[in-house]
2 protein chains.
Amino acid sequence: MVDDALRLWFCHLMSDRLDSVFAALADPTRRAILAMLLEDDMAVTDVAEPFEMSLAAISKHLGILSRAGLIQQEKRGRVKWCKLDPDALREASVWMQGFGQFEAVNLDAFERFLASELPDDPPPHG
Amino acid sequence: MVDDALRLWFCHLMSDRLDSVFAALADPTRRAILAMLLEDDMAVTDVAEPFEMSLAAISKHLGILSRAGLIQQEKRGRVKWCKLDPDALREASVWMQGFGQFEAVNLDAFERFLASELPDDPPPHG
DNA sequence: AGTATATTCAACCGAATGGTTGACGATGCT
DNA sequence: AGCATCGTCAACCATTCGGTTGAATATACT
């Protein structure tokens, strides 16, 4: 049995963590970085390469992702390797599932959403 | 198989929406509001009651949640009722699932859906 | 009609965010 | 040793964010 003070403390801890995870995910550059790291571990410079912003900016983004627990960074020699750490994402996902009367991936709702968004921006196809 | 142009378009499309959803979720007050609405629909004043901040502040938070698609607001008489709308959460969840187990987003089904939906029937947006 | 209630608007404020640049400490190469 | 590369730090800037307050609008009550 968990007493109320402990529960409060737990929620508070959880709250800070969710703050930083969701805030980290709220930026398209950082989501793009995560997507890149999904395919392979990368050095900071290589992460920065496809983006049209300074290395320092990317370095900051990586710091935010790291502090949120979404990636891990390990320095080997003079290069710092970045790898995805999906644990924090999983926590956030668990939180979200609490709202889900939804089974993991509901493609129907997904498609309904897309249908509502379609007219704006036709896909560059063909 | 989905071609790269389509994937790019897809990412761009989702991007704005994900920005606002994750940004909305990155605030503990707003997450608390969502948790309250999970139990029941509420009027703005009632949502504000347990928080130690002004009604105007809560009204702003509700606006952010609403614009992110996380809640729906309906005015009946002089009271505006707020209800949870888990669709946006579901979309964000879909995105996150991509980083967990790799059934990823089913882009094949997505493409088939687009093929059937794109040519005519442009749904009104906004 | 007059008053109370529900909600938003507008203007403001301090702090945080996302970016820049230039200098800097470390590490590797020759 | 000398130089190039990797990455961060510090200072700055414009914009956004989360909050306040007071006025305004719309609806309900008597």
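Being a predicted model, the structure only gives us computed values, none of them experimental. Each chain gets a letter, A, B and so on, in the order the sequences are listed, and its residues count up from 1.
Counting heavy atoms from C-beta on, the side chains of A:Val44 and A:Cys82 come closer than 4.5 Å. Between A:Leu70 and A:Leu34 there is a side-chain heavy-atom pair separated by less than 4.5 Å. By the 4.5 Å heavy-atom criterion applied to side chains, B:Lys83 and B:Leu37 are not counted as neighbours.
Think of A:Ile64 as one node in a network of Ile, Leu, Val, Met, Phe, Trp and Tyr side chains linked at under 4.5 Å; it has no links at all. Its side chain within the 4.5 Å cluster rule, B:Val79 clusters with B:Trp81 among the Ile, Leu, Val, Met, Phe, Trp and Tyr residues.
Residues forming a side-chain contact (heavy atoms from CB on, under 4.5 Å) with A:Ala23 (at least two apart in sequence, or on another chain): B:Ala26. For the side chain to side chain donor-acceptor pair (under 3.5 Å) test, residues two or more places apart in sequence or in another chain that qualify with B:Gln72 are B:Asp85. Residues passing the salt bridge (charged side-chain N to carboxylate O under 4.0 Å, His left out) test with A:Asp19, sequence neighbours excluded: B:Arg31. Remark: B:Thr29 pairs with B:Asp27, B:Ile33, B:Phe51, B:Met53, B:Ile58, B:His61 by the side-chain contact (heavy atoms from CB on, under 4.5 Å) rule, at least two apart or across chains.
If you take CZ of B:Arg30 and C1' of D:dG19, they are 12 Å apart, rounded to a whole angstrom. Computed from coordinates, the B:Leu65 CG to D:dC17 P distance equals 13 Å when rounded to whole Å. Taking atom NZ of residue B:Lys60 and atom P of nucleotide D:dT21, one finds them 12 Å apart after rounding to whole Å.
The shortest non-hydrogen separation linking B:Ala68 to B:Ser20 is CB-O, 3.6 Å. Smallest separation of non-hydrogen atoms from A:Asp46 and A:Met36: O-CE, 4.1 Å. B:Arg17 and B:Gly69 get closest at one heavy-atom pair: NH1-CA, 4.5 Å.
On the nucleic acid side, DNA chain C has its first and last nucleotide under 4.0 Å of a heavy atom of chain A at C:dG18 to C:dG28, going 5' to 3'.
Nucleic acid contact class of A:Arg76 (heavy atoms, under 4.0 Å, all strands): none.
For the segment residues 45-58 of chain A, the set of residues with a heavy atom within less than 4.0 Å of an atom of DNA chain C comprises A:Met53, A:Ser54, A:Ala56, A:Ala57, in numerical order. Residues of residues 66-75 of chain B having a heavy atom closer than 4.0 Å to DNA chain D: none are found.
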Output a table of nitrogen or oxygen pairs between the protein and nucleotides 1-4 of chain D separated by less than 3.5 Å.
none

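Residue pairs meeting the salt bridge (Lys or Arg N to Asp or Glu O under 4.0 Å) criterion with at least one member in residues 49-74 of chain B, sequence neighbours excluded, are B:Glu74-B:Arg76.
Annotation: the terminal axes of the helix from C:dA1-D:dT30 to C:dT30-D:dA1 meet at 20°, where each axis is the rotation carrying the C1' atoms of four end pairs onto the next four (5 pairs per end, rounded to 10°).
Checking side-chain atoms of B:Arg30 against main-chain N and O of B:Leu25 turns up no donor-acceptor pair under 3.5 Å.
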